[in-house]
Amino acid sequence: VSPDAPVLIDRYLEDSFELDVDVVGDGQRVVVGGIMEQIEEAGVHSGDSACVLPPLKVSEYHLNIIRDYVERIGLRIGVKGLMNVQFAIKDEIVYVLEVNPRASRTTPFVSKATGVQLAKIAARIAAGQTLEQIGFTEEPELDGFFVKEVVLPFGKFPTAIVQLGPEMRSTGEVMGHASNFGHAYAKAAMGAGERLPLSGNVLITVNDNDKPNALKIARDLSRLGFNLIGTSGNAEYLTRNGVQARTVNKVSDGSPHVVDLINSGEIKLVINTVLGRRSFTDGQAIRAAAIANRVPLVTTLSAAAAAVSGIRALQAQDLKVRSLQTHHSVI
């Protein structure tokens, strides 16, 4: 190991959640443009994760730590223009994962949500102006929730491995806005081509580690009027814990199996997480069938919880729509 041959050592923060922060600096001052909470679990590339602005689960205590960190880092680096910082929170500790002294893919999202043209401000700083001269000295206030959802290309590549991870695969993104998170998420999902169902059958096939956390999601879906279907281990676990679920064969157990149900149009939502070689093979078949039949698919429990919020909001009240221009003019 030497300066000519460095070794990078990574450590994975299990059961943490990530945040993205876009800031603008002029060398003397640093101002936060927006703090986004990733909806997908840590380990999924930020470009493949849905995110919400403002954060849902982060306390004001941790948000203030994040604001302090980005200000100190930005001033120490001396950044003039845009900077993106990625954080993770685990066991009440805020970790700095990555600092990029440049514009990020989230810059347009934050700009549209806040009504502040961050790229234009950065360009004016590059031309010699200060944040005080520009008039941008405080973090913008937000009205409602803004959700960014990604557009994934799996439908165009039938043989691709349908799984989110540290490698970015998305080819676009959309945004949904509403006064509450559920409606904002539902709009974003709709924009990405996945309309959340309001009734019908939900297929739940999760790995053993996820079963305890999947129980609450299953219970919520049952209370919302959905019928639950699971492979033997999942259905048995849910039923044993007071949530009625119908059993269906795994793909490896032969027909009639889960993919047959998806292909026949019986399944309206698929929740699938995998762990292990055999479950990966079965899971790949399930996810490929869901995509081929345009059935909404979630592959992490955090996204499943967000989907439940969206469904609950849609059942309670119809969607309303207004343009961003109208939204910001009203504010």
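These values consider heavy atoms only, across backbone and side chains, with no hydrogens, waters or symmetry-generated copies.
- Defined by atom type and a distance below 3.5 Å, a donor-acceptor pair is present between the side-chain atoms of Asp260 and Ser255.
- At a threshold of 4.0 Å, the pair Arg67-Glu60 counts as salt-bridged, since one of the basic side-chain nitrogens sits closer than that to a carboxylate oxygen.
- Rounding to the nearest 0.5 Å places OG1 of Thr231 at 5.5 Å from NZ of Lys250.
- Salt bridge status for Asp26 with Arg29: absent, with no side-chain N to carboxylate O gap under 4.0 Å.
- With a 4.5 Å cut-off on side-chain heavy atoms, Phe87 and Val70 count as touching.
- You'll find the side chain of Glu236 stays beyond 4.5 Å of the side chain of Thr247, heavy atoms only.
- Of all heavy-atom pairs spanning Ile39 and Ala306, the tightest one is CG2-CB, 3.9 Å.
- Checked by atom type and distance alone, the side chain of Asn207 pairs as donor or acceptor with a backbone atom of Asn209 at under 3.5 Å.
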Q: Please lay out, stage by stage, how His183 and Gln317 fare under the test side-chain contact (heavy atoms from CB on, under 4.5 Å).
A: CA-CA 9 Å; His183 278 133; Gln317 184 178 352; 3.9 Å; yes

Could you list the donor-acceptor pairs under 3.5 angstrom formed between side-chain atoms of residues 237-244 and any protein atom two or more places apart in sequence or on another chain?
| residue | atom | partner | partner atom | Å |
| --- | --- | --- | --- | --- |
| Thr239 | OG1 | Ala235 | O | 2.8 |
| Asn241 | ND2 | Tyr237 | O | 2.8 |

Q: Step by step, work out the side-chain contact (heavy atoms from CB on, under 4.5 Å) result for Gln28 and Thr130.
A: CA-CA 8 Å; Gln28 304 298 320; Thr130 65; over 6 Å; no

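- With a 4.5 Å cut-off on side-chain heavy atoms, Phe145 and Ser179 do not count as touching.
- Every residue meeting the side chain to side chain contact (heavy atoms under 4.5 Å, CB included) condition with Ser323, not counting sequence neighbours, appears here in chain and number order: Gln325, Thr326.
- In this structure, Thr114 contributes its side chain and Val110 its backbone to a donor-acceptor pair below 3.5 Å.
- For the pair Asn227 and Arg246, the minimum side-chain heavy-atom distance is 4.5 Å or more.
- Contact check for Val270 versus Arg287: no side-chain heavy atoms found under the 4.5 Å cut-off.
- Residues Asn100 and Met83 are not in side-chain contact: their nearest non-hydrogen atoms beyond the backbone lie 4.5 Å or more apart.
- Transitive grouping of hydrophobic side chains (ILVMFWY, heavy atoms separated by less than 4.5 Å) keeps Leu131 and Val30 in distinct clusters.
- Note on Ile267: it does not cluster hydrophobically with Val202, by side-chain heavy-atom contacts below 4.5 Å among ILVMFWY residues.
- Taking the six-membered ring where tryptophan is involved, the planes of His177 and Phe146 are essentially parallel, since the angle between them stays under 30° and well short of 60°.
- Cation-pi contact between Lys57 and Phe17: present, with separation from the ring centre below 6.0 Å and deviation from the ring axis of at most 45°.
- Formation of a donor-acceptor pair under 3.5 Å by the Asn272 side chain with backbone atoms of Thr205 is found in this model.
- Interatomic distance, Glu71 CD to Ile66 CD1, rounded to the nearest 0.5 Å: 14.0 Å.
- A donor-acceptor pair under 3.5 Å is formed between the side chain of His328 and the backbone N or O of Lys112.
- Side-chain atoms of Asn84 do not come within 3.5 Å of backbone N or O of Ala103 as any donor-acceptor pair.
- Both Leu198 and Ile271 are members of a single hydrophobic cluster when ILVMFWY side chains are connected at heavy-atom separations under 4.5 Å.
- In terms of modelled atom types and a separation under 3.5 Å, the side chain of Asn201 and the main chain of Glu266 share a donor-acceptor contact.
- Cys51 has its side chain within reach of Lys148: a pair of non-hydrogen atoms, C-beta onward, lies under 4.5 Å apart.
- Judged by distance alone, the side chain of Asn293 and the main-chain N or O of Ala289 form a donor-acceptor pair under 3.5 Å.
- Counting only distance, with no hydrogens or angles, the side chain of Thr300 and the backbone of Ala303 share a donor-acceptor pair below 3.5 Å.
- Of the possible polar contacts, none joining the Glu98 side chain to the Val85 backbone as a donor-acceptor pair under 3.5 Å is found.
- Of the possible donor and acceptor atoms, none in the side chain of His62 sits under 3.5 Å from a partner among the backbone N and O of Val94.
- Taking 4.5 Å as the limit, every side-chain heavy atom of Ile89 sits out of range of all side-chain heavy atoms of Tyr95.
- Not counting sequence neighbours, Arg294 has no partner by the salt bridge (Lys or Arg N to Asp or Glu O under 4.0 Å) test.
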